[in-house]
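Below is one structure, written out as structure tokens; the observations come after it.
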Amino acid sequence: MRESKCCEISPELFWVIFRVYSRANLPRDAIRAFNIMVEFGIKPTVHDLDQLLYTLCKRKHVKHAQEFFDKVKSGFELGAKTYSILMRGWGDICDSDNARKLFDEMTERGCLLDVPAYNSYLEALCKGGNVDEAYKIFRAMGSKGVEPDAGTYSIFIRAYCEANDIHSVFSVLDRMKRYNLLPNVYSYNCVIKKLCKSEKVEEAYQLLDAMIEMGVKPDEWSYNAIQAYHCEHCEVNQSLRLLSKLEKDNCMPDRHTYNMVLKLLIRIGRFDRATEVWESMGKRGFYPSVSTYSVMIHGLCKKKHKLEEACKYFEIMIDEGIPPYSSTVEMLRNRLLGLGLLDDIEILASKMERSTSCSIQEFAKVLRGNKASVRSRSEYTDIESD
């Protein structure tokens, strides 16, 4: 390809190579790809360097990124963006000391400090546990001619949530309101989750309503944080009301929502309501996957006189062509075997063998007792936690 003129090689192609090597945990190969760009007639620019450093840092290869940066930085006209990438990288591995060195170097070089550069540095400091230092720098931003944006404040919202300092969180939110700045959904979700963990669920609801009033649309994670609280505290009525609220607020419940609610209803023996929720899923445009079927089957298997119903859901799953978890097959087999229902095992296994899914066909052997015949699938731990 080097000698051939039949195809043009662009810098973007090398960016892809950087990503491939970084994802494969081969940072030195990604750096080597950068170094040979010139052999293909491409003189690397600072944009190519930024792409390499960003890709390395994203995969936590920050030390390799820093070492290479130190070797080549004299050959490029560097700006705040390059330093921001590295500072964010160090922040992601909670190393605020190296982020501080970069910020000082950036300042000494006379780089124009912008909001993204400050945000990268402040976030690195906060993740490294230096929230007070970060706050002092934040307070001085205005005097440097840089006005904080919503992202700047959101850094402190997340940091104070991590520190379990709810009072400071709301102080930041109030300050943002004064400056007509809105946190994003992710920041709001951090606060809602922290409120629920602090047993302040009413305040979580108030914040949810405030989001909607201010034009920030909550997502499923906003509601799921509160739903998790209700389910952990066996608050059935509140849980079902929240499920209805999602529909009213035009937010689609997801797999986690339904799994939590169904697990709660089965655990406390409200099988009628579990059936109602199950039957309503299709009307809401949600179609259960293996994890939701497993919640029903595992839960029903553990309840007296509900094995037949568990088998019914298992059969529906097979009919839908959804391969089960190996633990689900083994649990069902053990329960049927314990009650001497060998014929039921054979009926289910025969049905599985007739499936068009090869995985389901293989699981028929597991149901008959041949555990070694199928490789285990990855399973969601929340299914089996009860």
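Bear in mind that the values here come from a model prediction, so they are computed numbers and not experimental data. In what follows, residues are counted from 1 in the order of the sequence shown.
Remark: side-chain polar atoms of E123 are not paired, donor with acceptor, to backbone N or O of G91 under 3.5 angstrom. Looking only at distances, no side-chain donor or acceptor of S168 sits under 3.5 Å from a matching main-chain atom of D165. Although no hydrogens or angles enter the test, the distance criterion places no donor-acceptor pair under 3.5 Å between the side chain of N130 and the main chain of C126. Using modelled atom types, no side-chain atom of R368 and backbone atom of F363 make a donor-acceptor pair closer than 3.5 Å. Side-chain atoms of S355 come within 3.5 Å of backbone atoms of S357 as a donor-acceptor pair (strictly under, hydrogens ignored).
In this structure, F18 and F34 have tilted ring planes: the angle between them lies in the 30° to 60° band.
Summarising the local packing, CG of D272 is surrounded by more than 12 heavy atoms from other residues, nucleotides or ligands at distances under 6.0 Å. Open room surrounds NZ on K177; 12 or fewer heavy atoms of other groups in view lie less than 6.0 Å from it. The number of heavy-atom neighbours closer than 6.0 Å to CD of E199, taken from other residues, nucleotides and ligands shown, is above 12. H233 NE2: more than 12 foreign heavy atoms inside a 6.0 Å radius. Within 6.0 Å of CZ on R109 lie more than 12 heavy atoms contributed by other residues, nucleotides or ligands. Other residues, nucleotides and ligands place more than 12 heavy atoms under 6.0 Å from the NZ atom of K73. Within a 6.0 Å sphere centred on NZ of K194, other residues, nucleotides and ligands contribute more than 12 heavy atoms. Counting non-hydrogen atoms of neighbouring residues, nucleotides and ligands closer than 6.0 angstrom, the CZ atom of R175 exceeds 12 such neighbours.
Hydrophobic clustering, with ILVMFWY side chains joined whenever heavy atoms are under 4.5 angstrom apart, keeps Y186 apart from I192. Follow the hydrophobic side-chain contacts under 4.5 Å out from V72 and you reach I17 in the same cluster. Side-chain heavy atoms closer than 4.5 Å link hydrophobic residues (I, L, V, M, F, W, Y) into clusters, and following such links, even through other members, never connects M352 to I347. The same ILVMFWY cluster, assembled from side-chain heavy atoms under 4.5 Å apart, contains both F68 and M37.
A pairwise comparison of heavy atoms in N224 and M260 identifies O-CE, 3.7 Å as the closest pair. When all heavy atoms are compared, the tightest approach of N119 to I155 is O-CD1, 3.2 Å. Taking each heavy atom of T328 and I297 in turn, the nearest pair found is CG2-CG2, 3.7 Å. A349 and A364 get closest at one heavy-atom pair: O-CB, 3.5 Å. Nearest heavy-atom pair, V290 versus P324, reported as atom, atom and distance to 0.1 Å: CG2-CA, 4.0 Å. Closest approach of L53 and A65 over heavy atoms only: CD2-O, 3.5 Å.
A salt bridge between E353 and K365 is absent, with no side-chain N of the basic residue lying under 4.0 Å from a carboxylate O of the acidic one. Residues D97 and R100 are paired through a salt bridge, judged by an N-O separation under 4.0 Å between the basic side chain and the carboxylate. The residues K217 and D219 are annotated as not salt-bridged, no charged nitrogen and carboxylate oxygen being separated by less than 4.0 angstrom. Remark: D209 engages K245 in a salt bridge, criterion side-chain N to carboxylate O under 4.0 Å. The pair D92-K127 meets the salt-bridge criterion, with a side-chain N (NZ, NE, NH1 or NH2) lying under 4.0 Å from an Asp/Glu carboxylate O. A salt bridge between R270 and E276 is absent, with no side-chain N of the basic residue lying under 4.0 Å from a carboxylate O of the acidic one.
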Using the rule given for side-chain contact (heavy atoms from CB on, under 4.5 Å), can you reason through L56 versus V62, listing the C-alpha separation, both sets of side-chain angles and the distance that settles it, and then say yes or no? CA-CA 6 Å; L56 290 171; V62 191; over 6 Å; no
Start with the C-alpha distance between Y258 and M281, add both sets of side-chain angles, then the distance that settles side-chain contact (heavy atoms from CB on, under 4.5 Å), and finish with yes or no. CA-CA 8 Å; Y258 283 116; M281 293 192 302; 3.4 Å; yes
Derivation and outcome, side-chain hydrogen bond (donor to acceptor under 3.5 Å, both in side chains), residues S154 and N184: CA-CA 8 Å; S154 294; N184 59 22; 4.7 Å; no
Before giving the answer on side-chain hydrogen bond (donor to acceptor under 3.5 Å, both in side chains), spell out for T107 and D104 the whole-Å C-alpha distance, their side-chain angles and the decisive distance to 0.1 Å. CA-CA 5 Å; T107 306; D104 291 342; 5.4 Å; no
Hey, mind stepping through E77 and V46 against side-chain contact (heavy atoms from CB on, under 4.5 Å) and telling me if it holds? CA-CA 7 Å; E77 190 70 34; V46 70; over 6 Å; no
Criterion side-chain contact (heavy atoms from CB on, under 4.5 Å) on L195 and Y229, from CA distance to verdict: CA-CA 10 Å; L195 288 170; Y229 175 89; over 6 Å; no
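Separation of atoms CG (N98) and CG (L86) is listed at 10.0 Å; rounding is to 0.5 Å. Taking CZ from R273 and CG from L240, the interatomic distance works out to 4.5 Å, rounded to the nearest 0.5 Å. Distance CD/Q227 to OG/S239: 3.5 Å, rounded to 0.5 Å. Considering SG of C57 and NZ of K63, their distance stands at 13.0 Å, rounded to 0.5 Å. Going from atom CZ of F76 over to atom NE2 of H47 covers 11.0 Å, rounded to the nearest 0.5 Å. Put simply, CD1 on I322 and OG on S359 are 12.5 Å apart, with the number rounded to the nearest 0.5 Å.
Residue pairs that meet the ring pair (Phe, Tyr, Trp, His ring centres under 6.0 Å) test with at least one member in residues 124-175, sequence neighbours left out, are Y135-F138, Y135-F156, F138-Y153, F138-F156.
Not less than 6.0 angstrom separates the ring centroid of Y83 from the ring centroid of Y121. Checked against the 6.0 Å centroid criterion, the rings of W278 and Y293 qualify as a close aromatic pair.
Using a 4.5 Å cut-off on side-chain heavy atoms (C-beta onward), R23 and R59 make contact. Side chains of R28 and H64 form a contact here, defined as non-hydrogen atoms less than 4.5 Å apart. Residues P288 and E320 are not in side-chain contact: their nearest non-hydrogen atoms beyond the backbone lie 4.5 Å or more apart.
Donor-acceptor pairing under 3.5 Å is lacking for the side chains of S84 and R88. For the residue pair Q66 / D70, a side-chain donor-acceptor distance below 3.5 Å is found, with atom types taken as modelled.
With respect to L337, the side-chain contact (heavy atoms from CB on, under 4.5 Å) criterion is satisfied by exactly one of I345, L367, D344: I345.
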Kindly list each side-chain donor-acceptor pair under 3.5 angstrom involving residues 305-316, sequence neighbours excluded, with atom names and distances?
{"from": "K306", "atom 1": "NZ", "to": "E309", "atom 2": "OE1", "distance (Å)": "3.3"}
{"from": "E315", "atom 1": "OE1", "to": "K351", "atom 2": "NZ", "distance (Å)": "3.1"}

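A search for salt bridge (charged side-chain N to carboxylate O under 4.0 Å, His left out) contacts involving E162 returns nothing, not counting sequence neighbours. Taking T55 as the reference, nothing meets the side chain to side chain donor-acceptor pair (under 3.5 Å) condition, with sequence neighbours excluded. Scored by the side chain to side chain donor-acceptor pair (under 3.5 Å) test, D48 finds W15, T45 as partners (sequence neighbours excluded).
Side-chain heavy-atom separations under 4.5 angstrom define the hydrophobic clusters, and W221 shares its cluster with no other residue.
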